[in-house]
2 protein chains.
Amino acid sequence: MSGDEGQMSSALSAGAFTQYPLYKEVKLRITKSLMDGQWKSGEALPSEAQLARGFNVSIGTLRKAVDELVQEKVLVRQQGRGTFVATHNESRTLYYFFHIVGEDGVRRFPTSELLAFSRGKADTLSAQRLRIGRGDKVILIRNVLKLEGEPVVLDNITLPAAQLGDLTERIFRNRENTIYNLYQTRYGINVIRTVDRLRALISDDKTAAALGLQRGSPVLEIDRTALTYHDAPVELRRSYVNTAHHHYLSDLGKYY
Amino acid sequence: MSGDEGQMSSALSAGAFTQYPLYKEVKLRITKSLMDGQWKSGEALPSEAQLARGFNVSIGTLRKAVDELVQEKVLVRQQGRGTFVATHNESRTLYYFFHIVGEDGVRRFPTSELLAFSRGKADTLSAQRLRIGRGDKVILIRNVLKLEGEPVVLDNITLPAAQLGDLTERIFRNRENTIYNLYQTRYGINVIRTVDRLRALISDDKTAAALGLQRGSPVLEIDRTALTYHDAPVELRRSYVNTAHHHYLSDLGKYY
DNA sequence: AAGTGGTCTAGACCACCAT
DNA sequence: TGGTGGTCTAGACCACTTA
């Protein structure tokens, strides 16, 4: 009886006929609570023992579910203290989302300077990539990132307005933390991973001017999609980088 | 007695005074066997039950060690069949080491064309990055990669000759598989991960010619270090990519 | 049918943190 | 001291592959 209980409840609560691991279902239920905002950024979840009792699974199964969420950097474990919802702070940004480093390889956090904040409508491509309707309202942001005072990155951000209804230039400008932190804390939108597509281009005049480059200089274009739970897109960002004294570091695989 | 046995043997066999998890030590011992070539590319390891007995640990601890090696793509589990040393085949290359994709986002495997094979001595920078002596012998390879018949990538490879003593142009040219597969099967050098640093540049005339580009065209430079166990460097590769119709895909984090 | 990895459980004990 | 996560063990049963 006791041995089969977990599997029975799994099949029941999943409402499925297929064989599906119990820990995956537990993971989905934790994810759902996170999406619903049941535990907010930086808050502690109930202890593993409590969660296991709540889900009616063994502690080992509960841990396996949490293990994966920790791996994905959605949760953070701290021995002796608890398990927390990962916060978008500077160090997380620096290590997982900002890939521009100096020639010495050192990671520095950039300062940000807003160039333009406007609203518009999604064109065909943006709509498709954000999975919204063509012509739906979007927010457009142009932003320069500086490293040691020098402009290095020009960001062009496209956001679906529906999810960030009240976002204004003032709110954006007055944020005290990273942009992803703003999405997370104010709108409950948690960016979990990004997919970047890179090319080399000759910069156009406007971009060159924003980066203090000569006409015809090469720049690195980064076409980024930011994703939240279940790979749902939440932000498009097209960036241009002056790679004369910096480079983009792609260091996959060091996840152990 | 039975509960403490594992931890005791851990401390003993690690020969350390510090607290060190038993599964980490098991992982190191498996890694060591892999480095020593005890199980070769594509071969099956002993079953988990056998390994656990051999290391005198529980099956759970053994699995935790193997879990990490599977995550790092060093080992591959196949339910019902066994656990195998991961092979450098085309699909592994395509998904984990070759990041150039077409505008449609589809991954295609490139054809390779050798331009030059020579021997030389390591300059200061190469020596430092390969952790060999300045002036030590190296092998230099220039290679063009074509996608659908068009040259897209120019590779300039630097290899420490000491580890690949007998490598000749003929052997390199006649390989039947990927370059990393050659290192793995012929020299027991297993590339596990790579670190890429990217910039945008104006191509020099030689590079432009090799890629069929006009003078002054922008190209994406990829400065790659390939690493084996314990992050030991085994290859340097400086590549130039025509990103007019392709891009570099950086898709970290989809490891779940 | 026999052997392999995959899941799940139950319980002990350790390391670390806050109080 | 009590609560948290971290490690380790032991054993049952399931899913899949091969012969």
Side-chain angles (χ1 to χ4, degrees), chain A residues 1-14 16-28 30 39 43-71 75-86, chain B residues 1-14 16-28 30 39 43-71 75-86:
Chain A
M1 163 187 162
S2 71
D4 286 335
E5 205 172 21
Q7 307 225 18
M8 300 272 294
S9 82
S10 163
L12 280 174
S13 49
F17 295 89
T18 61
Q19 171 68 20
Y20 190 69
L22 184 52
Y23 76 91
K24 286 282 187 190
E25 195 213 321
V26 171
K27 182 184 170 187
L28 279 180
I30 295 173
W39 308 298
E43 281 183 12
L45 272 64
S47 74
E48 297 186 337
Q50 281 178 295
L51 285 172
R53 278 197 300 276
F55 290 125
N56 246 289
V57 300
S58 75
I59 191 102
T61 298
L62 185 279
R63 277 185 63 83
K64 198 160 176 181
V66 172
D67 279 346
E68 293 200 352
L69 290 166
V70 168
Q71 184 116 56
L75 299 180
V76 175
R77 284 207 184 96
Q78 287 184 248
Q79 188 173 8
R81 301 221 312 129
T83 302
F84 303 82
V85 181
Chain B
M1 164 188 163
S2 72
D4 286 336
E5 205 171 21
Q7 307 226 19
M8 298 273 295
S9 83
S10 163
L12 280 173
S13 50
F17 295 90
T18 61
Q19 171 68 19
Y20 191 70
L22 184 51
Y23 76 90
K24 287 283 187 190
E25 195 212 321
V26 171
K27 183 185 171 188
L28 279 179
I30 296 173
W39 309 298
E43 282 183 11
L45 272 64
S47 75
E48 298 187 337
Q50 280 177 295
L51 285 171
R53 278 197 301 276
F55 290 126
N56 246 289
V57 300
S58 75
I59 192 98
T61 298
L62 185 279
R63 277 185 63 83
K64 197 159 178 184
V66 171
D67 279 346
E68 293 201 350
L69 291 166
V70 168
Q71 184 115 58
L75 299 179
V76 175
R77 284 207 184 96
Q78 288 184 247
Q79 189 173 6
R81 302 222 312 129
T83 302
F84 303 82
V85 181

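First the proteins, then the strands, lettered A, B, ... as listed; each starts at 1.
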* Using the closest heavy atom to pick a nucleotide of DNA chain D for each, name whichever of Gln78(B) or Gly80(A) lands nearer the 5' end. =>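 Final value for this comparison: Gly80(A).
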* Asked: Counting side-chain heavy atoms from CB outward, which of dC16(C), dT9(D), dT9(C) is closest to Val57(A)?
  ->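 The nucleotide sitting nearest to the side chain is dT9(C).
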Using whole Å, report how far [atom1] of [X] lies from [atom2] of [N].
X	N	atom1	atom2	value
Gln79(B)	dT18(D)	CD	C1'	14 Å
Leu75(B)	dT4(C)	CG	P	16 Å
Arg81(A)	dG3(D)	CZ	C1'	13 Å
Ile59(A)	dA10(D)	CD1	P	20 Å
Leu45(A)	dG3(D)	CG	P	19 Å
Leu22(A)	dC14(D)	CG	C1'	13 Å
Tyr23(B)	dA15(C)	OH	P	15 Å
Arg77(B)	dC16(D)	CZ	P	16 Å

Is there a side-chain contact between [X] and [Y], using heavy atoms and a 4.5 Å cut-off?
X	Y	value
Ile30(B)	Leu62(B)	yes
Arg77(B)	Asp67(B)	yes
Trp39(B)	Leu75(B)	no

Please check the phosphate of [N] (OP1 and OP2 only) for any side-chain N or O of [X] closer than 4.0 Å.
X	N	result
Lys64(A)	dT7(C)	yes
Arg63(A)	dG5(D)	no
Thr61(A)	dT9(C)	yes
Thr83(A)	dG5(D)	yes
Gln19(A)	dA15(D)	yes

* To do: List the atom of Val76(A), the atom of Ala86(A), and the distance in Å for their closest heavy-atom pair.
  =>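 Here Val76(A) and Ala86(A) meet closest at CG2-CB, 3.7 Å.
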* Work out how much the helix from dA1(C)-dT18(D) to dA18(C)-dT1(D) bends between its end axes, five pairs an end, to the nearest 10 degrees. =>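 Axis angle across the helix from dA1(C)-dT18(D) to dA18(C)-dT1(D), nearest 10°: 10°.
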* To do: Report the distance from atom OG1 of Thr83(A) to atom CG of Leu69(A), rounding to the nearest 0.5 Å.
  =>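 The OG1 atom of Thr83(A) sits 10.5 Å away from the CG atom of Leu69(A).
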* **Reported CG-to-CG distance for the pair Asn56(B) and Leu22(B), which is rounded to 0.5 angstrom** =>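 So the CG of Asn56(B) and the CG of Leu22(B) are separated by 9.5 Å.
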* Sole residue of Arg53(A), Arg63(A), Lys64(A) in salt bridge (Lys or Arg N to Asp or Glu O under 4.0 Å) with Glu48(A) ->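 Single salt bridge (Lys or Arg N to Asp or Glu O under 4.0 Å) partner of Glu48(A) among Arg53(A), Arg63(A), Lys64(A): Arg63(A).
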